[in-house]
There are 2 protein chains.
Amino acid sequence: MNKTEEKQISKATIARMPLYLHYLQEENSKGTQYISSTVIAQNISVSSVLVRKDLALVSSEAGRPRLGFAVSRLMVDIEKFLGYDNLSEAVIVGAGGLGRAFLGYEGFKSNGLSVVAAFDLDEKLVGTKVAGKDILHMDELEKFVAEHNIPLGIVTVPKSAAQEVVNRLVGAGVRAIWNFAPAPLRVPKDIVLKTEDLAASLAILAGKLYKTGDR
Amino acid sequence: MNKTEEKQISKATIARMPLYLHYLQEENSKGTQYISSTVIAQNISVSSVLVRKDLALVSSEAGRPRLGFAVSRLMVDIEKFLGYDNLSEAVIVGAGGLGRAFLGYEGFKSNGLSVVAAFDLDEKLVGTKVAGKDILHMDELEKFVAEHNIPLGIVTVPKSAAQEVVNRLVGAGVRAIWNFAPAPLRVPKDIVLKTEDLAASLAILAGKLYKTGDR
DNA sequence: TTTTTATCGATATTATTATATCAAATACTT
DNA sequence: AAGTATTTGATATAATAATATCGATAAAAA
């Protein structure tokens with residue numbers, strides 16, 4: 001029933017990968033050579049079986065009984081799986097609060113992503129820099145993306161402008177869109193779109209709070 | 001096997017609620033009185049059965065055959081379920097890039113959340129304002145949270161400081177933590193914690209990109 | 001008033017994801 | 001060198017979530 005011959009890896013699994021990677025980096029810096037699924041599991045707060053299943057999907061080498069997994073090897077495998085060697089540069093469209101924050105956010109670096117510039121319509125912002133990165137005018141978007149062969153566009157514009165921005169990014173050649181505008185967007189089939197719904201996250205939080213804290 | 005007598009509502013369902021709500025608000029402003037699960041489903045890109053199941057969990061009134069659900073009633077129900085009447089004020093700890101962005105982010109407002117102040121150690125930031133909101137010194141955190149009876153703390157400090165900040169917030173009386181630091185945190189059982197993992201999101205994006213765009 | 005038809009909500013089915021169990025493997029201990 | 005203990009990875013089971021099916025209902029049409 002599966003169209004592709006590749007085994008499907010669930011989002012839940014993918015979402016755990018950065019956690020594994022992060023912990024492995026930590027252990028690696030301490031000089032740890034091998035690590036067991038049990039230990040990893042405790043740190044990530046999941047079951048050890050799940051860790052083994054997850055790692056089996058990406059590991060190029062089987063874990064060794066009584067020793068566990070080779071930390072450095074596993075790091076490379078996960079990084080490769082996540083495409084951190086692949087996905088490198090991004091532009092931000094929308095230099096409002098969230099956009100400027102992302103410009104300065106160092107957290108992306110450790111995940112193989114570098115934000116190289118932002119774009120906005122606001123004349124007061126255009127020409128300024130945030131964290132050493134230029135804020136350019138929207139008119140230059142297509143040219144910049146095409147010239148630098150940027151694979152990823154981060155969208156932090158208001159909802160009303162989101163679809164048009166996405167169209168322009170796609171037209172300019174990005175292969176993926178990371179959308180923070182609370183809007184349902186349409187993209188061509190071969191473009192990867194992930195809409196980050198902070199409202200939904202907040203909802204989960206509030207929902208849990210409601211349940212726990214009610215009365 | 002379930003400790004609580006309340007039926008458990010899945011995170012996936014909760015995450016869809018803001019989508020429903022948003023769409024309902026849109027329709028409501030157009031004057032739509034009743035709306036069917038089929039129409040909602042098309043807009044949210046899920047199946048109509050799923051919509052009905054989700055709505056059945058929160059709706060105070062059954063949908064009417066041939067008409068659908070009463071839009072305004074449903075909005076109230078969802079808002080109540082999400083606790084948007086309940087969760088109102090929050091503080092941000094860590095006025096770095098992300099923290100300042102959230103201070104200015106208007107998106108929270110429409111979800112019933114108001115960020116009232118930020119806290120930081122950096123003397124250069126303390127005393128300044130962002131979007132009309134004060135950045136205060138960490139020394140004042142406990143007093144402020146207790147005095148204003150703030151239920152939610154948003155954590156945007158570096159990983160190394162995250163656990164201590166959380167401890168202090170909890171000590172000061174918040175009931176929930178929204179964590180943006182890439183760190184696994186410990187909280188007492190009655191405190192709601194949601195760690196927002198931008199790296200994980202990025203990973204999913206990169207993962208899909210890798211799969212689609214490979215070769 | 002009767003018939004038609006869109007829609008709900010309940011139940012059953014399927015798919016997906018996580019957990020439990022256990023034999024095989026191998027580093028470590030004696 | 002032999003035995004022990006720990007860890008993996010495979011298989012089986014359970015739990016969770018999404019989808020499909022269908023009779024009951026009530027608004028609209030005839």
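Residue numbering restarts at 1 for every chain, and letters A, B, ... go by the order of the sequence lines.
- Within the structure, every side-chain polar atom (N or O) of B:Ser47 is placed at least 4.0 Å from both OP1 and OP2 of D:dA18.
- B:Lys159 contributes no side-chain N or O that, together with a main-chain N or O of B:Ala181, makes up a donor-acceptor pair within less than 3.5 Å.
- Spacing between atom CD1 of B:Ile9 and atom P of D:dA18 amounts to 13 Å, rounded to whole angstrom units.
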- Message: Return a single string for nucleotides 23-30 of chain D, one symbol per nucleotide in 5' to 3' order, where B is base contact, S is sugar-phosphate-only contact and - is none, cutoff 4.0 angstrom on heavy atoms.
- Response: --BSB---
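- Side-chain atoms of B:His22 never come within 3.5 Å of backbone atoms of B:Pro18 as a donor-acceptor pair (strictly under, hydrogens ignored).
- Atoms NZ (A:Lys53) and P (D:dT13) sit 14 Å apart, rounded to a whole Å.
- What separates CG of A:Leu57 from P of C:dT17 is a distance of 11 Å, to the nearest Å.
- Residue B:Tyr23 is tested with B:Gln25, B:Glu26, B:Glu27 for a side-chain hydrogen bond (donor to acceptor under 3.5 Å, both in side chains); the sole match is B:Glu27.
- Of the side-chain N and O atoms in B:Arg16, one or more sit less than 4.0 angstrom from OP1 or OP2 of D:dA18.
- Look at CG on A:Asp54: it is 8 Å from P on C:dA18, rounded to the nearest Å.
- Rounded to whole angstrom, the span from the CG atom of A:Leu50 across to the P atom of D:dA15 amounts to 17 Å.
- Near DNA chain D, defined here as any heavy-atom distance below 4.0 Å, the residues from residues 35-46 of chain A are A:Ser36, A:Ser37, listed numerically.
- Taking every heavy atom of residues 70-79 of chain A and every atom of DNA chain C, no pair lies under 4.0 Å.
- In this structure, CD of A:Glu61 is placed 10 Å from P of D:dG9, rounded to the nearest angstrom.
- Surrounding CD of B:Glu147 are more than 12 heavy atoms belonging to other residues, nucleotides or ligands, all under 6.0 Å away.
- In this structure the side chain of A:Leu193 never reaches within 4.5 angstrom of the side chain of A:Trp178, judged on heavy atoms.
- Heavy atoms only, all atoms of each residue included: A:Phe144 and A:Ala117 are closest at CZ-CB, 3.9 Å.
- Not counting sequence neighbours, the partners of A:Asn28 by the side chain to side chain contact (heavy atoms under 4.5 Å, CB included) test are A:Val71, A:Ser72, A:Met75.
- Legend: salt bridge (Lys or Arg N to Asp or Glu O under 4.0 Å) pairs involving residues 39-59 of chain B, not counting sequence neighbours, sorted by first then second residue: B:Arg16-B:Asp54.
- Between the P atom of C:dC28 and the CD atom of A:Gln33 lies a distance of 12 Å, rounded to the nearest Å.
- Atom CD1 of A:Ile14 is separated from atom C1' of C:dT16 by 14 Å (rounded to the nearest Å).
- In the displayed structure, A:Gln33 atom CD is contacted under 6.0 Å by at most 12 heavy atoms of other residues, nucleotides or ligands.
- Listed by chain and number, the residues in a ring-ring contact (aromatic ring centres under 6.0 Å, His included) with A:Tyr34 amount to none (sequence neighbours excluded).
- Residues A:Lys80 and A:Val58 have side chains not in contact (no heavy-atom distance under 4.5 Å, counting atoms from C-beta outward).
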